[in-house]
Participant: 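Provided herewith is a single structure, encoded as structure tokens, for subsequent inquiry.
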Amino acid sequence: MTEPALLQPLTLRGITLPNRLVVAPMCQYCVTDGMVGDYHLVHLGRFALGGFGLVLVEATGVSADGRISPGDVGLWDDAQVPGLARVAAFLREHGSVPGIQLAHAGGKASTLRPWDGHGPVTAADARPGDEPWTTVSPSGVPMGEGWPAPHPLTVAELADVREAFVAAARRALTAGFQVAEVHAAHGYLLNQFLSPLTNTREDGYGGSLENRMRFPLEVVDAVRAAWPADLPLVVRVSAVDASRDGTTLEDTVAFARELKARGVDAIDVSGGGIGTGWEHPIGYGYQVPYAAAIREQAGIPTMAVGLVVDAHQAEAIVAGGQADLVAVAREAQDDPNFAVHAARELTGGSYDAYPVQAGPRLAGRDRLLQRLGPWTGPDPVRTEQPSTPA
Ligand SMILES: Cc1cc2nc3c(=O)[nH]c(=O)nc-3n(C[C@H](O)[C@H](O)[C@H](O)COP(=O)(O)O)c2cc1C
């Protein structure tokens, strides 16, 4: 049997990911003041035990006003480092590379936790202690009907945001993370600069694609300079806006070329976040073609994401050269062991990829189960005499 492409290591700068499966960043909206605790250790730790090569911590606010919701993780304060350091140490100890997504939500900040409702927090529906805050964006365009108009960032304030990304990257390094991902997707602040739908500035940061890319590239330059030369930097992009009138794949290929020239090591290719509904094809692996186009046309490694649900599907993406990495979000929530299950499925049933605490015992049970055949019920007990009686 040929070695599955999905299980091959990938070296980016000084870091070798043990395989190509990644846990995509997933907001959990359940911390206070940005400080992670036991929940995140367990939530993320199980993905290391589940065999993922890279585990990306959710969108982590580089400033308090950059959080999507009051329950977001943050790295705007040194006090937030120890909780994340525990997570990073656990991931490393158990074979995953720890990564973290650095984010500013811009005009899409100050929103309700999803289970409290949708859209911006208002004084009327804020939980006690969760005051809504003034959001910021390139041009003050509201993010949708019923959303407040954000404050348009001045050039001096842009420098503050850029420095907040740098300071958060430094804290991420102190916490022990080995991959940093800058969030420039899903309609959040950097995506708001890139999209003509949300960036109507008339200064050097708006108008042409070159101008719309300027601030995101300044952020990436500054983070790259602060992030060690032997550690990889990834940028998550929305290859296309949800609306067909916004950012195009061609725009994003041009952005990816600029990112590559600035020392970005891989593009995490997502989509959407600006516009009312997704106006592009939807289905299994629906964003993979974008990852493939960016990989080919910008000549940079890509991570594909979006409705990848099956080991063979993930293997086909990497083996077919459409992306170098495959990230899963909802599938990992459903099956935190997705990566070891995939390894087993692609290697004829071997438990080798499992943690030592589990693999050999499961292999032993498997031999017994194979002899017994499937349990068919209805009687819960079906035994046979030992082949070598005591
Ligand atoms: C619960 C949840 C939280 C998410 N939070 C983030 C996030 O923090 N940052 C981000 O870039 N994408 C976030 N996403 C999007 C996922 O990373 C991923 O791109 C998307 O769910 C598609 O992948 P999937 O089909 O494997 O779920 C989130 C998705 C889910 C389901």
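Reckoned from all heavy atoms, side chains included, excluding hydrogens, waters and symmetry mates. Residue numbers start at 1 and run along the sequence shown. Each ligand, and each atom within it, is numbered from 1 in the order the structure gives.
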Participant: Relative to each other, are the rings of Phe193 and Phe215 parallel, tilted or perpendicular (30° and 60° limits)?
Facilitator: tilted
Participant: Could you tell me whether Gln101 approaches ligand 1 through its side chain, its backbone, both or neither, with non-hydrogen atoms closer than 4.0 Å?
Facilitator: side chain
Participant: Please state which option from Gln333, Arg236, Met26 has its nearest heavy atom closest to atom 12 (N) of ligand 1.
Facilitator: Arg236
Participant: Could you check if a side-chain atom of His40 sits within less than 4.5 angstrom of a side-chain atom of Cys30, using non-hydrogen atoms only?
Facilitator: yes
Participant: Give me the nearest non-hydrogen protein atom to atom 22 (C) of ligand 1 as residue plus atom name, then the distance to 0.1 Å.
Facilitator: Gly306 CA, 3.9 Å
Participant: Need the ligand 1 atom indices (1-based, order shown) with element for anything under 4.0 Å from a heavy-atom of His183.
Facilitator: 9 (N), 10 (C), 11 (O)
Participant: Decide whether Ser63 and Asp65 meet the rule of one side-chain donor and one side-chain acceptor closer than 3.5 Å.
Facilitator: yes
Participant: Looking only at protein heavy atoms, identify the closest one to atom 23 (O) of ligand 1 and say how far it is in Å.
Facilitator: Val305 CG2, 3.6 Å
Participant: Could you check whether His280 and Gln287, counting side-chain N and O atoms only, form a donor-acceptor pair closer than 3.5 Å?
Facilitator: no
Participant: What protein heavy atom sits nearest atom 26 (O) of ligand 1, and how far off is it?
Facilitator: Ala329 N, 2.8 Å
Participant: May I ask you to identify the nearest protein heavy atom to atom 28 (C) of ligand 1, giving residue, atom name and distance to one decimal place in Å?
Facilitator: Pro25 O, 3.7 Å
Participant: As a test of understanding, state which of Val264, Asp265, Val235 forms a side-chain contact (heavy atoms from CB on, under 4.5 Å) with Arg224.
Facilitator: Asp265
Participant: Distance alone, cut at 3.5 Å: any donor-acceptor contact between the side chains of Thr11 and Thr16?
Facilitator: yes
Participant: Got the closest protein heavy atom to atom 5 (N) of ligand 1, with its distance?
Facilitator: Cys27 N, 2.8 Å
Participant: Could you tell me the residue and atom name of the protein heavy atom closest to atom 27 (O) of ligand 1, and the distance to it rounded to 0.1 Å?
Facilitator: Arg330 NE, 2.6 Å
Participant: Evaluate whether atom OH of Tyr39 has more than 12 neighbouring non-hydrogen atoms of other residues, nucleotides or ligands under 6.0 angstrom away.
Facilitator: yes
